[in-house]
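Everything numeric here is computed off the predicted structure, so don't read it as measured data. Order of the sequence lines fixes the chain letters, A, B, ..., with proteins taken first and strands second; residue numbering starts at 1 for each chain.
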Protein chains: 2
Amino acid sequence: MQTRGLRQTSQRKFLVDEIFSHHEHFDADELMERLPRKGEKNYVSSATVYRTLREFVDAGLLKSFQLEGRTVYEHDYGYPQHDHLYCTVCRELFEFQSEALTNLRDEVAAEQGFRISGHRMIIHGVCRECSKNRRKKRKQDLV
Amino acid sequence: MQTRGLRQTSQRKFLVDEIFSHHEHFDADELMERLPRKGEKNYVSSATVYRTLREFVDAGLLKSFQLEGRTVYEHDYGYPQHDHLYCTVCRELFEFQSEALTNLRDEVAAEQGFRISGHRMIIHGVCRECSKNRRKKRKQDLV
DNA sequence: CTAGGTGCAAAATATTTGCACTGGT
DNA sequence: ACCAGTGCAAATATTTTGCACCTAG
């Protein structure tokens with residue numbers, strides 16, 4: 001898999017396991033909260049977490065994008081192209097697939113003579129649940 | 001215009017003039033480079049620049065989004081909805097309009113019961129010019 | 001007059017980096 | 001043994017905030 005010049009260290013093995021045992025979107029901070037603390041077994045420093053996330057993106061295991069200042073990661077390896085709906089109330093990301101969107105993108109790019117490397121589409125709004133229940137708390141505020 | 005509870009200070013007048021005399025995308029840093037330095041006439045502190053940009057977004061004069069870590073601003077007031085192509089070589093943003101994209105967005109959102117507040121679509125790639133001329137330098141690198 | 005606005009400096013956030021040490025191969 | 005990888009702490013980069021002073025209305 002990463003016979004790409006990369007060494008198979010215990011930290012990387014642990015991080016791969018941790019990252020691919022869940023399928024949600026996450027940022028560096030959320031990931032580190034799930035990991036062992038300093039002094040505990042399998043502790044990984046934040047520098048290594050950041051370095052590793054970046055490597056995984058380069059290696060095609062993860063994709064990343066910016067959302068409200070943070071860098072958000074999601075699985076990429078063996079996972080189909082998709083885009084996102086972002087609920088500004090519960091701050092959850094929902095996925096959708098649309099071939100029409102990709103076609104439209106290709107058309108636009110062709111018109112402008114653009115050589116596409118990718119795209120990022122995020123629809124902002126309020127999800128069904130949060131529309132129903134205005135009292136629903138934000139993820140963050142629950143903590 | 002901003003009889004919205006906001007005071008008409010000299011700083012704000014100056015910033016409005018400066019911001020709306022150009023039509024390019026910009027970030028806080030690029031804007032401040034164009035402004036008078038400390039000690040000069042019309043100097044505006046960076047705290048005020050950040051505060052003002054945020055107000056202008058709230059007031060509907062500007063729109064903002066994240067790109068490569070920075071917050072990028074563009075004119076919004078009286079300017080039509082559009083999306084962007086981003087050239088990863090010269091780092092320039094190009095605009096395009098597509099009603100089809102908006103329709104597609106509305107369909108997707110309707111399916112998922114989403115109440116839309118907006119969207120952001122950015123196509124990444126290499127623009128025509130940069131494809132032609134690989135030696136073309138990045139904006140940044142020229143400085 | 002007085003609440004909102006500004007400048008300054010310090011703080012907060014998120015991420016990167018230099019460096020000495022460690023561990024994979 | 002050698003060099004990539006790691007932890008630590010310090011550095012960066014960007015944006016926000018506390019506070020004393022200023023000023024538009």
Which residues share a salt bridge (charged side-chain N to carboxylate O under 4.0 Å, His left out) with B:Arg54, sequence neighbours left out:
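With sequence neighbours excluded, B:Arg54 shows a salt bridge (charged side-chain N to carboxylate O under 4.0 Å, His left out) to no residue whatsoever.
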Distance-only check: which donor-acceptor pairs under 3.5 Å involve side-chain atoms of residues 37-44 of chain B, not counting sequence neighbours?
| residue | atom | partner | partner atom | Å |
| --- | --- | --- | --- | --- |
| B:Arg37 | NH2 | B:Glu33 | O | 2.6 |
| B:Glu40 | OE1 | B:Arg37 | N | 3.3 |

To the nearest Å, how far apart are [X] [atom1] and [N] [atom2]?
X: A:Glu40; N: D:dG7; atom1: CD; atom2: P; value: 14 Å
X: A:Leu6; N: D:dG5; atom1: CG; atom2: C1'; value: 10 Å
X: A:Tyr50; N: D:dA9; atom1: OH; atom2: P; value: 17 Å
X: A:Leu35; N: D:dG7; atom1: CG; atom2: P; value: 11 Å
X: B:Gln11; N: D:dC21; atom1: CD; atom2: P; value: 18 Å
X: B:Arg12; N: D:dA24; atom1: CZ; atom2: C1'; value: 11 Å
X: A:Asn42; N: D:dT6; atom1: CG; atom2: C1'; value: 14 Å

Would you list the pairs meeting ring pair (Phe, Tyr, Trp, His ring centres under 6.0 Å) in which at least one residue belongs to residues 103-123 of chain B, sequence neighbours left out?
A:Phe94-B:Phe114
Who passes ring-ring contact (aromatic ring centres under 6.0 Å, His included) against [X], sequence neighbours left out?
X: B:Phe26; value: B:Tyr73
X: B:His124; value: B:Tyr86
X: B:Phe65; value: B:His84

Residues at least two apart in sequence or cross-chain that pass side-chain contact (heavy atoms from CB on, under 4.5 Å) with A:Phe20, listed by chain then number, are A:Val16, A:Leu61, A:Leu62, A:His75
Report yes if some heavy atom in the side chain of A:Leu93 is under 4.5 Å from a heavy atom in the side chain of A:Leu67; otherwise report no.
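Result yes, sub-4.5 Å side-chain heavy-atom pair found.
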Charged N to carboxylate O under 4.0 angstrom, B:Arg7 versus B:Glu55?
no
When all nucleic acid strands are considered with a 4.0 Å heavy-atom cut-off, which category describes B:Ser10: base, sugar-phosphate, or nothing?
nothing
5' to 3' contact window, DNA chain C with chain B (heavy-atom distance under 4.0 Å):
C:dA3 to C:dC8
Reading DNA chain D from 5' onward, which residue's closest nucleotide shows up sooner: B:Thr9 or B:Met32?
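Here B:Met32 is the residue nearer the 5' end.
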Identify, between A:Thr48 and B:Ala47, the residue whose nearest nucleotide on DNA chain D lies closer to the 5' end.
A:Thr48
Could you give the angle between the helix axes at the two ends of the helix from C:dC1-D:dG25 to C:dT25-D:dA1, with five pairs per end, rounded to 10 degrees?
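Nearest ten degrees gives 30° for this helix.
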Side-chain N or O of B:Arg54 closer than 4.0 Å to phosphate OP1/OP2 of D:dT16:
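Yes, such a contact exists.
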Indicate whether OP1 or OP2 belonging to D:dA4 is found under 4.0 Å from a side-chain N or O atom of A:Gln8.
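Result: no.
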